[in-house]
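Residue numbering restarts at 1 for every chain, and letters A, B, ... go by the order of the sequence lines.
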Amino acid sequence: MSEQVPGNPLIENSMNEFFATFERAQSSASIDNVYGQPITYGDSIIVPVASVSQFFGIGMGVGADQSVAGPNGGMGGGGTARTKARPVALAEIMPEGVDVHPIIDENRALTAGLLFAAWAVFLAARTLVKLFK
Amino acid sequence: MNGLRRETIQGQPLRVGDREIVPEAEVWSFQAKQIGLTENGASGGGAWWSWSRPTALIERGPGMARRVRIVDANLQLELILIIAAIVLPLVLAIVTQWANRSSD
C-alpha cells in the first residue's frame, strides 16, 4: 500500500515505515512457515507440518513544531510482537504414496480435558443441588 | 486494507519420481491500522494477526490426482470439548426441568 503523506520528511518517512511494516507482516505469512524443510529418511521424505500464528501491534507519534526555528521534531513509538508455531503432523512421502501422521500434544489435550471435566463436575453438582433442594 | 482476510495458498511442488506433491495451506489474517495527520505531527497505530494452518497435500502423478487432508488432531479435540461444554448445560437444564415436572 503506498499512501501519499505530504509535508515534513520526518513524518513522511515515519508514515512510510508504518505502512511498510504491515506489508512486510502480510508477506511473512508464507507457506514456508507451515511446511518445514523435507528430510530424506531411507526411501521416504519426511515433511514437518506446523500451525503458525503471528501477531504484532504498534503505535507511534511524530511531532514537528515548525513555530520554532531550527529542527525541533520529536518521535516516539512502541510495539509488541509474538509468533507461535505448533506441530500438527508429519507428512511421509513414500514411493507408494503419501501418509500423514498427526501429532498430538498430550499436555494440551490433557489440559483441555481437565478443564472440561472440571466444568462438567461443576454443572453436575449444580444440577444435583437444584434437583434435591 | 483493514479487515479479515482468508486465502488458500499452495507451495512449491516437491518432485518424487514421476509424482509431484503440492503443499496447501489456509491463511487467515486480520489487520487494523489508522493514522492521524495534522500540519505539524502525525500519530498512528495498528495491529496485525495471522494464522496459517496446513490443509492438504495434493499428490499428482501420471493419470492420478489425490488430495491427502491434514487433520489438526489437537484443534479438533478442543473444538469438540468446547461444543460439549456449551451443549452440556443446556442438556442438564432440560433434564432438570423434566425431572421437576415429573415430580410435580
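- B/Val71 touches chain A through its backbone: at least one of N, CA, C or O sits under 4.5 Å from a heavy atom, while the side chain does not.
- Ranked by heavy-atom pairs under 4.5 Å with chain A, the first of B/Ala99, B/Ala73, B/Pro89, B/Pro23 is B/Pro23.
- Considering every non-hydrogen atom in both B/Trp51 and A/Ser51, the closest pair reads NE1-OG, 2.8 Å.
- A search for side-chain hydrogen bond (donor to acceptor under 3.5 Å, both in side chains) contacts involving B/Ser43 returns nothing, not counting sequence neighbours.
- Contacts between A/Ser30 and chain B at a heavy-atom distance below 4.5 Å involve the backbone alone (N, CA, C, O).
- If you measure heavy-atom distances from B/Ala32 to chain A, the contacts under 4.5 Å come from the backbone alone.
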- Could you walk me through whether A/Ser53 and B/Trp49 pass the side chain to side chain donor-acceptor pair (under 3.5 Å) test, one step at a time? CA-CA 7 Å; A/Ser53 60; B/Trp49 166 86; 5.4 Å; no

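- Residue pairs meeting the side-chain hydrogen bond (donor to acceptor under 3.5 Å, both in side chains) criterion with at least one member in residues 104-130 of chain A, sequence neighbours excluded: A/Arg108-B/Glu78.
- A side-chain donor-acceptor contact under 3.5 Å links B/Arg66 to the backbone of A/Val98.
- Heavy-atom distances place both the backbone and the side chain of A/Ile104 under 4.5 Å from chain B.
- Taking every heavy atom of both residues into account, A/Pro38 and B/Leu14 meet most closely at CG-CD1, 3.8 Å.
- For the pair B/Lys33 and A/Phe18, the NZ or CZ position fails the cation-pi test of under 6.0 Å to the six-membered ring centre and within 45 degrees of the ring normal.
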